[in-house]
Amino acid sequence: MSPNLSFIAAPMVNQSDFPFRRLTARYGATTVYTQMLSPELLIHDQEYLEFHRRDLQSINEKPVSTVVQLCGNNAEEIIEAGRKIQDLCDAIDLNLGCPQEVARDGHFGAYLLGQKDWPLVENIGELFTSRYNNNRIELVFAVSCMAQSFKVPVSTKLRLCQPSSKTVELAERLEASGSSWITLHARTVSSRRRRQGAADLSEIKTLKQSETLTIPVVSNGNVRVFDDLAQNLEYTGADGLMVGETLLGNPCIFSNNILPDPVEISLEYLNICRLYPGVATLKTIQTHIRHFIDFQCARRPWSRKLRAALNACTDLDDIEHLLRVKIQRWRGMTINSSTETDSEDEQDFDNGVGNIEDAISWHLSGMDQ
Ligand SMILES: Cc1cc2nc3c(=O)[nH]c(=O)nc-3n(C[C@H](O)[C@H](O)[C@H](O)COP(=O)(O)O)c2cc1C
């Protein structure tokens, strides 16, 4: 099935588990990405491979495309790893956008966007053996190898190059080397967090206006509310939209303008987790629940209590009890105690979605199973 790129659930480390992907598909996502997976671990860590194959074998109730995202900088490893999962997905994406320290240290993700890493590709057969250079990927070369080696389409997800005017040139080369579509998160590698500035959607518009680029462009960044979807598409002219952080709080954003009740949507997610035991870790589930609740109830007097109570849960029954009994009671209590303000509550919220660094290091060390 060729992926329908209209509404895409973004790859998010420790948060793109199958139950969450299925939930977003139920509410309008047409394509869902896995978190970035480590080629090295897929090849060398049997438990990691089995965990992610189990996740990919789970069945969606709606026709939705699943894209597996790989990171890394070793073309041969990426291909060997991709071959281990390509039978279970509709496309394989190469992560060229990760800005975190772990990507800088390992020289992958957005740190491959420098021009020295994307030489011209003219003779792919020859390049496969000769252009592989000191363990450093030659970007366009790797995408060529992927496109030639995999039986599913290959895509790329990138941030802006520096200077950003180089982005169009890179995108054209990626198309020439076989990328079936390009997702542009219109921030540079230096703006790592949302709070460090909005994505520059004019860059996506510029990319879309390139006369030589013919593959679809997916716009990523700045969608916070339902109306942003149409505005973003209209402004950028993109062929599809990818949403990350906002989807964590509101997994229904693609389907309508009404926020789901945070407890109801948490219970719905929990039910999917029960149907597919062993594909989301307890930590992943706890983090999802926190996002669902925090999105609408952040900075409540009971925010700290919620966090502590959630962390103390040892299984899904505990979480369900917390949702059905305690949180509902606290929500009822907020009317009387809304004058309380607690600076620590704000601190808790700030530590929420943004703490990706630890999650990524943890995941890439193979500890997320
Ligand atoms: C918790 C979290 C984990 C992420 N993990 C990945 C990842 O594994 N691969 C990737 O390409 N981007 C990752 N991202 C970036 C998102 O896919 C997306 O590009 C970014 O959040 C901007 O989109 P947004 O403004 O809709 O959130 C992550 C973002 C978040 C918030």
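In what follows, every heavy atom counts, from backbone to side chain, and hydrogens, waters and symmetry copies are set aside.
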*Asks:* Residues in side chain to side chain contact (heavy atoms under 4.5 Å, CB included) with Gln209, at least two apart?
*Replies:* Lys205
*Asks:* Atom CG of Leu49 and atom CG of Leu42: how far apart are they, to the nearest 0.5 Å?
*Replies:* 6.0 Å
*Asks:* Any side-chain heavy atom of Trp302 within less than 4.5 Å of one from Ile327?
*Replies:* yes
*Asks:* Is Trp181 reachable from Leu207 through a run of hydrophobic residues whose side-chain heavy atoms are each under 4.5 Å from the next?
*Replies:* no
*Asks:* Does any part of the side chain of Ile92, heavy atoms only, come nearer than 4.5 Å to the side chain of Ile85, both counted from C-beta?
*Replies:* yes
*Asks:* Has the side chain of Asn222 got a donor or acceptor atom that lies under 3.5 Å from a matching backbone atom of Ala199?
*Replies:* yes
*Asks:* Less than 4.5 Å apart, side chain to side chain, heavy atoms only: is that true for Leu322 and Cys313?
*Replies:* yes
*Asks:* Would a distance-only check, ignoring hydrogens and angles, find a side-chain to backbone donor-acceptor pair under 3.5 Å from Gln296 to Pro260?
*Replies:* yes
*Asks:* Taking salt bridge (charged side-chain N to carboxylate O under 4.0 Å, His left out) as the test, write out the residues that go with Arg54, two or more places apart.
*Replies:* none
*Asks:* Identify the two heavy atoms, one from Leu23 and one from Pro251, that lie closest to each other, and give their separation to 0.1 Å.
*Replies:* CD2-CG, 3.7 Å
*Asks:* Has the side chain of Tyr276 got a donor or acceptor atom that lies under 3.5 Å from a matching backbone atom of Ile59?
*Replies:* yes
*Asks:* Less than 4.5 Å apart, any side-chain heavy atom of Asp261 and any of Arg331?
*Replies:* yes
*Asks:* Can we call the ring centroids of His291 and Phe295 under 6.0 Å apart?
*Replies:* no
*Asks:* Would you check if there is a donor-acceptor pair between the side chains of Thr30 and Ser6 at a distance under 3.5 Å?
*Replies:* no
*Asks:* Would you say NZ of Lys326 has more than 12 non-hydrogen atoms from neighbouring residues, nucleotides or ligands within 6.0 angstrom?
*Replies:* no
*Asks:* Which pair of non-hydrogen atoms, one from Ser202 and one from Tyr235, has the smallest distance, and what is that distance?
*Replies:* CB-OH, 3.3 Å
*Asks:* Work out which heavy atom in Met36 is nearest to a heavy atom in Tyr48; give both atom names and the distance.
*Replies:* O-OH, 4.5 Å
*Asks:* Please report the interatomic distance CD(Glu268) to CZ(Arg22), rounded to the nearest 0.5 Å.
*Replies:* 10.0 Å
*Asks:* Count I, L, V, M, F, W, Y as connected when their side-chain heavy atoms are under 4.5 Å apart, and connections chain through other members. Are Tyr33 and Val154 then in the same cluster?
*Replies:* no
*Asks:* Check Lys166 with Glu169, please: is the shortest side-chain N to carboxylate O separation under 4.0 Å?
*Replies:* yes
*Asks:* Do side-chain atoms of Thr66 reach the backbone of Val32 as a donor and acceptor pair under 3.5 angstrom?
*Replies:* no
*Asks:* Using 0.5 Å steps for rounding, measure from the CZ atom of Arg159 to the OG1 atom of Thr167.
*Replies:* 12.0 Å
*Asks:* Find out if a path of hydrophobic residues (ILVMFWY) with successive side-chain heavy-atom gaps under 4.5 Å connects Phe7 to Phe20.
*Replies:* yes
*Asks:* Any chain of hydrophobic side-chain contacts (each under 4.5 Å) joining Val243 to Val218?
*Replies:* no
*Asks:* Between CZ of Arg173 and OG of Ser144, what distance do you get to the nearest 0.5 Å?
*Replies:* 11.5 Å
*Asks:* Just wondering, do Thr34 and His52 contact through their side chains at under 4.5 Å, heavy atoms?
*Replies:* no
*Asks:* Would you check if the side chain of Asp239 reaches a backbone N or O of Val217 as a donor-acceptor pair within less than 3.5 Å?
*Replies:* yes
*Asks:* Ignoring hydrogens and angles, state whether a donor on the side chain of Asp17 or Tyr269 is under 3.5 Å from an acceptor on the partner side chain.
*Replies:* yes
*Asks:* Under 3.5 Å, side chain of Ser149 to main-chain N/O of Met146, donor-acceptor pair present?
*Replies:* no
*Asks:* Could you go through the side-chain contact (heavy atoms from CB on, under 4.5 Å) check for Leu96 and Leu174 one step at a time?
*Replies:* CA-CA 11 Å; Leu96 301 173; Leu174 290 171; 4.3 Å; yes
*Asks:* Any sub-3.5 Å donor-acceptor pair from Ser38's side-chain atoms to Leu41's backbone N or O?
*Replies:* yes
*Asks:* When hydrophobic residues are tied together by side-chain contacts of less than 4.5 Å, even through go-betweens, does Val13 share a cluster with Met242?
*Replies:* no
*Asks:* Side-chain contact test, heavy atoms from C-beta onward, threshold under 4.5 Å: evaluate it for Ser164 versus Asp200 and give yes or no.
*Replies:* no
*Asks:* Report yes if the side chains of Thr287 and Asn14 come closer than 4.5 Å at any heavy-atom pair, otherwise no.
*Replies:* no
*Asks:* Using a strict threshold of under 4.0 Å (side-chain N to carboxylate O), is an ion pair present between Asp87 and Lys151?
*Replies:* no
*Asks:* Measure across Thr183 and Asn220 and return the closest heavy-atom pair with its distance rounded to 0.1 Å.
*Replies:* CG2-CB, 4.0 Å
*Asks:* Does the Ser16 side chain pair with the main chain of Ala10, one donor and one acceptor, at a distance under 3.5 Å?
*Replies:* yes
*Asks:* So, for Leu5 and Pro216, which heavy atoms are closest and what is the spacing to 0.1 Å?
*Replies:* CD1-CB, 3.8 Å
*Asks:* Please examine the side chains of Arg21 and Leu56, heavy atoms only from C-beta on, and report whether any two atoms are closer than 4.5 Å.
*Replies:* yes
*Asks:* Could you tell me which residues satisfy side chain to side chain contact (heavy atoms under 4.5 Å, CB included) with Glu175, sequence neighbours excluded, listed by chain and number?
*Replies:* Leu213, Thr214, Ile215
*Asks:* Could you tell me whether a side-chain N or O of Gln69 sits under 3.5 Å from a main-chain N or O of Asp93, the two making a donor and an acceptor?
*Replies:* no
*Asks:* Does the side-chain contact (heavy atoms from CB on, under 4.5 Å) test come out yes or no for Ser303 and Arg300, once each step is laid out?
*Replies:* CA-CA 5 Å; Ser303 293; Arg300 294 289 197 277; 3.9 Å; yes
*Asks:* Just how far is it from atom CD1 of Ile285 to atom CG of Leu316, taken to the nearest 0.5 Å?
*Replies:* 4.5 Å
*Asks:* Which is it for Glu172 and Ser210 under the side-chain hydrogen bond (donor to acceptor under 3.5 Å, both in side chains) test, yes or no, and what are the steps along the way?
*Replies:* CA-CA 9 Å; Glu172 288 167 358; Ser210 153; 3.0 Å; yes
*Asks:* Is there a donor-acceptor contact under 3.5 Å from the side chain of His185 to the main chain of Gly221?
*Replies:* no
*Asks:* Take Asp315 and Leu282 through the test side-chain contact (heavy atoms from CB on, under 4.5 Å) and record every step on the way to the result.
*Replies:* CA-CA 7 Å; Asp315 59 26; Leu282 184 64; 5.6 Å; no
*Asks:* Nearest 0.5 angstrom please: Arg307 CZ to Ile289 CD1, how far?
*Replies:* 13.5 Å
*Asks:* Whether the Thr281 and Thr284 side chains hold a donor-acceptor pair (N or O, under 3.5 Å, no angle test) is what I'd like checked.
*Replies:* yes
*Asks:* Please walk me through it: do Asp90 and Val152 pass side-chain contact (heavy atoms from CB on, under 4.5 Å)?
*Replies:* CA-CA 6 Å; Asp90 300 289; Val152 292; 5.9 Å; no
*Asks:* Taking all heavy atoms of Phe292 and all of Pro262, pick out the closest pair and write down the distance.
*Replies:* O-CB, 3.5 Å
